[in-house]
2 protein chains.
Amino acid sequence: MDTNLEEKAEILLHTYNLKATKPRLKILSYLMSHHNHPTVEMIYHALNEEINRATVYNTLNALSEVGIIIEIKNGDNSTHYDYFVKPHFHIICKNCGKIADVIYPNFDQIENEMRKNAEEQTGFIASTSHLEIYGLCPNCQIKLKK
Amino acid sequence: MDTNLEEKAEILLHTYNLKATKPRLKILSYLMSHHNHPTVEMIYHALNEEINRATVYNTLNALSEVGIIIEIKNGDNSTHYDYFVKPHFHIICKNCGKIADVIYPNFDQIENEMRKNAEEQTGFIASTSHLEIYGLCPNCQIKLKK
DNA sequence: GTTTTAATTTAGATTATTTCTAAATTGCCT
DNA sequence: AGGCAATTTAGAAATAATCTAAATTAAAAC
């Protein structure tokens with residue numbers, strides 16, 4: 001277990017006024033060190049089924065609410081998560097569900113513009129935004145040609 | 001029943017090489033005349049529970065696959081749908097789930113740019129894209145202040 | 001206008017995902 | 001160290017979506 005990682009996670013949690021509970025430290029550390037876009041189920045198993053599923057759900061909701069992680073609504077109807085490093089979005093394979101990161105330097109700028117526009121038009125106060133693109137990954141392009 | 005509407009729906013279905021079955025005509029007509037961002041459940045009830053739920057699911061998937069309608073992955077973990085008129089995206093209230101349209105003239109242009117970028121970076125072939133913004137609607141802003 | 005055929009619909013069961021409840025535990029402040 | 005609000009837990013319950021195999025149907029072929 002990487003103590004240094006958990007320390008980093010603890011600081012991050014406190015920054016956002018979240019209690020640094022053991023389950024949260026483990027889950028956040030996992031996300032900080034794995035960029036496999038896991039679901040609740042994947043995290044639950046990766047952490048040896050030691051943390052209650054409801055807690056995994058609660059934690060991921062809390063983390064994505066403050067923006068520490070990104071929520072990805074996948075085509076497979078389960079939600080995936082990704083630790084936020086720099087502005088990016090995701091492209092998801094319609095065939096196999098694979099998720100790839102797309103780095104887009106101006107992404108937060110564009111996001112902000114959209115948010116502002118949405119607020120002006122609707123009177124909402126915007127917080128998080130979600131962009132996902134669907135498509136076919138290189139592997140499935142080949143598979144489906146046959 | 002608006003025959004004219006169903007005729008329009010039939011033409012639209014044929015344009016995309018989709019069989020114009022009775023369930024599809026009813027569902028598409030409903031979507032073309034209601035902009036309440038319904039879920040499967042809402043459509044199922046609006047059409048008097050006469051169309052099997054599985055068919056509603058199948059139809060909505062088929063329609064969104066070809067782009068006649070837009071799929072909205074709402075925060076409430078059910079999927080909402082919207083007939084596509086012009087390029088727009090959605091803002092969703094985190095508190096009450098209300099969905100509002102945001103018209104954005106350049107939206108498809110920006111979408112295309114993102115898609116191109118994603119394709120170059122990942123080797124995927126991009127098809128549809130989804131953007132949702134979360135926030136607080138005017139009503140809930142007032143409610144939560146109390 | 002029949003016939004044919006592939007696609008679609010159906011009922012109902014099944015699976016998967018997420019939320020809820022009430023009791024027990026735990027982090028953090030004083 | 002003690003107190004309290006927030007969080008976690010086990011397990012049940014609710015909700016959403018998919019699957020199966022048989023019946024039906026739209027549209028092309030004759």
Side-chain angles (χ1 to χ4, degrees), chain A residues 6-7 9-30 37-45 47-66 68 71-81 92 94-97, chain B residues 6-7 9-30 37-45 47-66 68-69 71-81 94-97:
Chain A
E6 294 217 352
E7 267 169 33
E10 184 169 0
I11 292 166
L12 199 49
L13 286 168
H14 283 152
T15 306
Y16 288 96
N17 293 315
L18 293 171
K19 264 195 191 175
T21 64
K22 278 175 202 161
R24 282 180 179 168
L25 287 171
K26 285 204 186 127
I27 293 169
L28 180 52
S29 297
Y30 179 82
H37 309 101
T39 59
V40 164
E41 211 53 25
M42 288 161 75
I43 296 171
Y44 175 68
H45 289 117
L47 301 179
N48 307 312
E49 285 116 65
E50 277 166 8
I51 298 167
N52 191 273
R53 252 181 263 261
T55 303
V56 181
Y57 278 99
N58 288 341
T59 298
L60 294 172
N61 284 336
L63 295 178
S64 71
E65 197 129 307
V66 299
I68 297 179
E71 207 177 45
I72 309 170
K73 299 261 173 194
N74 191 2
D76 66 5
N77 294 311
S78 68
T79 308
H80 295 241
Y81 295 89
I92 302 165
K94 284 190 296 188
N95 195 240
C96 71
Chain B
E6 294 217 353
E7 267 169 32
E10 185 170 0
I11 292 167
L12 199 49
L13 286 168
H14 284 151
T15 306
Y16 288 96
N17 293 316
L18 293 171
K19 263 196 192 174
T21 64
K22 276 175 204 159
R24 282 179 179 169
L25 287 171
K26 284 204 188 126
I27 293 168
L28 180 51
S29 296
Y30 179 82
H37 310 100
T39 59
V40 163
E41 212 52 27
M42 287 161 78
I43 296 171
Y44 175 69
H45 289 117
L47 302 179
N48 307 311
E49 285 116 66
E50 277 165 9
I51 298 168
N52 191 274
R53 251 181 264 261
T55 302
V56 181
Y57 278 101
N58 288 340
T59 298
L60 294 171
N61 283 337
L63 295 178
S64 71
E65 196 129 307
V66 299
I68 297 178
I69 62 174
E71 207 177 45
I72 309 169
K73 299 262 174 191
N74 191 1
D76 66 5
N77 293 312
S78 68
T79 308
H80 295 241
Y81 295 89
K94 286 189 295 188
N95 195 240
C96 71

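Labels below follow one simple rule: chain letters A, B, ... track the order of the sequence lines, proteins then strands, and each chain is numbered from 1. Please read all numbers here as calculations on a predicted model, not as lab measurements.
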*Return yes if the base of D:dA16 and the side-chain atoms of B:Asn77 contain a donor-acceptor N/O pair under 3.5 Å, otherwise no.*
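Such a pair does not exist between side chain and base.
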_Side-chain N or O of A:Thr55 versus OP1/OP2 of D:dT7: is the shortest distance under 4.0 Å?_
no
*D:dA26 OP1/OP2 closer than 4.0 Å to side-chain N/O of B:His14*: no
*asked:* Could you walk me through whether A:Lys73 and B:Asn77 satisfy the side-chain contact (heavy atoms from CB on, under 4.5 Å) test, starting with their C-alpha distance in whole Å, then the side-chain angles of each, then the deciding distance to 0.1 Å, before giving a yes or no?
replied: CA-CA 9 Å; A:Lys73 299 261 173 194; B:Asn77 293 312; 3.1 Å; yes
Starting the side chain at C-beta, find the nucleotide from [options] nearest to [X].
X	options	value
A:Asn58	C:dG12, C:dT9, D:dT9	D:dT9
A:Thr21	C:dT9, C:dT18, D:dT7	D:dT7
B:Ala20	C:dC28, D:dA27, D:dA17	D:dA27
B:Lys19	C:dT19, C:dT8, D:dC19	C:dT8
B:Ser78	D:dT8, D:dA16, D:dA10	D:dA16
B:Thr59	C:dT26, C:dT8, C:dT9	C:dT9

Between [N] atom [atom2] and [X] atom [atom1], what is the distance in whole Å?
X	N	atom1	atom2	answer
B:Ile51	C:dA11	CD1	P	11 Å
A:Leu60	D:dT7	CG	P	14 Å
B:Asp76	C:dT17	CG	P	17 Å
B:Arg24	C:dA7	CZ	C1'	8 Å
B:Lys26	D:dA26	NZ	C1'	15 Å
A:Asn17	C:dC28	CG	P	11 Å
B:Asn52	D:dA17	CG	P	15 Å
A:Tyr44	C:dT19	OH	C1'	16 Å

*Report the residue from B:Ile51, B:Val56, B:Thr59 that forms a side-chain contact (heavy atoms from CB on, under 4.5 Å) with B:Ile43.*
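It is B:Val56; the other options fail the test.
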*Can any side-chain N or O of B:Asn52 pair as donor or acceptor with the backbone N or O of B:Ala54 at less than 3.5 Å?*
yes
_Donor-acceptor check, side chain of B:His80 to backbone of B:His37, threshold 3.5 angstrom: yes or no?_
yes
*asked:* Counting the atoms with a prime plus P, OP1 and OP2 as sugar-phosphate, which does A:Thr39 contact under 4.0 Å by heavy atoms, base, sugar-phosphate, or nothing?
replied: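 No contact at all - A:Thr39 keeps every heavy atom at 4.0 Å or more from the nucleic acid.
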*Sugar-phosphate, base or nothing in reach of B:Arg53, heavy atoms under 4.0 Å*: nothing
*In plain terms, say whether A:Arg53 and A:Glu41 are close enough for a salt bridge, that is, a side-chain N and a carboxylate O under 4.0 Å apart.*
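A salt bridge links A:Arg53 with A:Glu41.
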*Between B:Lys22 and B:Glu41, who's closer to the 5' end of DNA chain D by nearest nucleotide?*
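Per heavy-atom nearest nucleotide, the more 5' residue is B:Glu41.
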